[in-house]
Visitor: 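Just passing along the structure, written as structure tokens.
Below, chains carry the letters A, B, ... as their sequence lines are ordered, and counting in each starts from 1. What you see is a predicted model, and the numbers here were worked out from it, not measured in a lab.
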Number of protein chains: 2
Amino acid sequence: MFNDLDPLLHSQLRLAVMSLLISVESAEFTFLKEKTNSTAGNLSVQLDKLSEAGYIRVEKSFRGKKPLTTCSITKKGIKAFEDYVNNLKQYINK
Amino acid sequence: MFNDLDPLLHSQLRLAVMSLLISVESAEFTFLKEKTNSTAGNLSVQLDKLSEAGYIRVEKSFRGKKPLTTCSITKKGIKAFEDYVNNLKQYINK
DNA sequence: ATAAACTGGTTTATATTATAAACCAAAATA
DNA sequence: TATTTTGGTTTATAATATAAACCAGTTTAT
């Protein structure tokens, strides 16, 4: 009846991040921070979790002299997101 | 862009309970326990939270000699569930 | 009749999570 | 050169989810 929801994705901030990343090639930390309306600290932690799960790729570089963190979704991440959405439908389509 | 998701509903077990209750007049504790595959303790706690929020009504009676807990969704609960589902769509419709 | 197991839960403790606050290095600005 | 801003990370705290322990009463087996 109710499939389990991937706990990693069943989190408002991480889900918002994945939702953004799934429709772009890559996104910068500051872009994600602004779009999700999150604090930098919280975002940093959640990106780590998604990254450790292999759902996203996080690349650190520099733009000019400033640090630049760029994120992109992985194949595994896309699959996980799609599965999550499918499972979720069992809960919300009465 | 992303509306906040009601934290009370953004919980696998509570969401499953609401999902069940929205399509029936009322449901017994044991029915909810079985359908959601939850432990009694966890279910008990989560029903309390939904009840305190005014999202469900919990009635305690007896069937024969055994205690019987019966739950039903309230108007407020229906509204909250519908709002939650609508907000959620922003996250999952890329 | 009495012990053992089961029903229908609640309460309490613990692990996990989310979030905020504090911090840091470097760069830009006043 | 002091102050603020940028772009974050780390650490501490609050909130949540979950499991484990418990409880009152009932049924079943001995």
Visitor: Students often get this wrong, so: under 4.0 angstrom with heavy atoms, is B/L43 touching a base, only sugar-phosphate, or nothing?
Guide: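 If one applies the 4.0 Å heavy-atom cut-off, B/L43 turns out to touch nothing in the nucleic acid.
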Visitor: Between the side chain of A/Y91 and the main-chain N/O of B/M18, is any donor-acceptor distance below 3.5 Å?
Guide: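 Not a single qualifying donor-acceptor pair exists.
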Visitor: Between atom CD in A/E34 and atom C1' in D/dG8, what is the gap in whole Å?
Guide: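 Atom CD in A/E34 sits about 16 Å away from atom C1' in D/dG8.
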Visitor: Does D/dG8 have its OP1 or OP2 closer than 4.0 Å to a side-chain nitrogen or oxygen of A/K66?
Guide: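 Checking D/dG8 against A/K66, no side-chain N or O comes under 4.0 Å of OP1 or OP2.
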Visitor: B/K60 has a side chain; which of D/dA17, C/dT10, D/dG8 sits nearest to it?
Guide: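 Among D/dA17, C/dT10, D/dG8, the one nearest the side chain of B/K60 is C/dT10.
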Visitor: Starting at atom CG of A/L8, determine the distance to atom P of D/dA17, rounded to an integer number of angstrom.
Guide: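 Rounding to the nearest Å, CG of A/L8 and P of D/dA17 are 16 Å apart.
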Visitor: Tell me if a side-chain donor or acceptor on A/R14 pairs with a main-chain N or O of A/L8 at a distance below 3.5 Å.
Guide: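 Present.
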Visitor: Figure out the CG/P separation between B/L32 and C/dT10, and round it to whole Å.
Guide: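 Going from B/L32 (CG) to C/dT10 (P), I get 12 Å.
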Visitor: B/S44 side chain N/O closer than 4.0 Å to the phosphate oxygens (OP1, OP2) of C/dT10?
Guide: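 For C/dT10, OP1/OP2 do have a side-chain N/O of B/S44 under 4.0 Å.
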Visitor: Starting at the 5' end of DNA chain C, which residue's closest nucleotide do you reach first, A/L13 or B/V45?
Guide: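 Its nearest nucleotide lies further toward 5', so the answer is B/V45.
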Visitor: Just how far, in rounded Å, is P of C/dA28 from CZ of A/F62?
Guide: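 One finds 12 Å between P of C/dA28 and CZ of A/F62, rounded.
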Visitor: Any base atoms under 4.0 Å from A/Q12, or only sugar-phosphate, or nothing? Heavy atoms, all strands.
Guide: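 A/Q12: no heavy atom of the nucleic acid under 4.0 Å.
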Visitor: Give the nucleotide from the list C/dT10, C/dA20, D/dT9 with an atom nearest to the side chain of A/T39.
Guide: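 So the side chain of A/T39 is nearest to C/dA20.
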Visitor: Is there a side chain to side chain donor-acceptor pair (under 3.5 Å) between A/R57 and A/S72 once you walk through the steps?
Guide: CA-CA 5 Å; A/R57 217 173 294 111; A/S72 54; 2.9 Å; yes
Visitor: Scan B/S38 against the nucleic acid and name what it touches under 4.0 Å (heavy atoms): base, sugar-phosphate only, or nothing.
Guide: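 Contact class for B/S38: none.
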Visitor: Would you say a side-chain N or O of B/T30 is under 4.0 Å from OP1 or OP2 of C/dG8?
Guide: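 Result: no.
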Visitor: So do the side chains of A/L43 and A/L47 get within less than 4.5 Å of each other, counting heavy atoms only?
Guide: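 A/L43 reaches A/L47 side chain to side chain.
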Visitor: Looking at A/K49, I'd like to know whether one of its side-chain N or O atoms comes within less than 4.0 Å of OP1 or OP2 on C/dA18.
Guide: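 Checking A/K49 against C/dA18: at least one side-chain N or O falls below 4.0 Å of OP1 or OP2.
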Visitor: Rounding to an integer number of Å, can you tell me how far A/N42 CG sits from C/dA22 P?
Guide: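 From A/N42 CG to C/dA22 P: 16 Å.
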Visitor: Do A/E82 and A/V85 have side-chain heavy atoms sitting under 4.5 Å apart?
Guide: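 They are not in side-chain contact.
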Visitor: So which one's nearest nucleotide on DNA chain C is more toward 5', B/P67 or A/K65?
Guide: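 Of the two residues, B/P67 wins.
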Visitor: Let me know the distance between CG of A/D48 and P of D/dT10, rounded to the nearest Å.
Guide: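 That distance rounds to 7 Å.
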Visitor: For A/R14, which contact category applies under a 4.0 Å heavy-atom criterion: base, sugar-phosphate, or nothing?
Guide: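 Sugar-phosphate, backbone atoms only, no base.
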Visitor: Between atom CG in A/L47 and atom P in D/dG8, what is the gap in whole Å?
Guide: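 So the two atoms are 10 Å apart, to the nearest Å.
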Visitor: Would you kindly give the CG-to-P distance between A/N37 and C/dT19, to the nearest whole Å?
Guide: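 Interatomic distance, CG of A/N37 to P of C/dT19: 12 Å.
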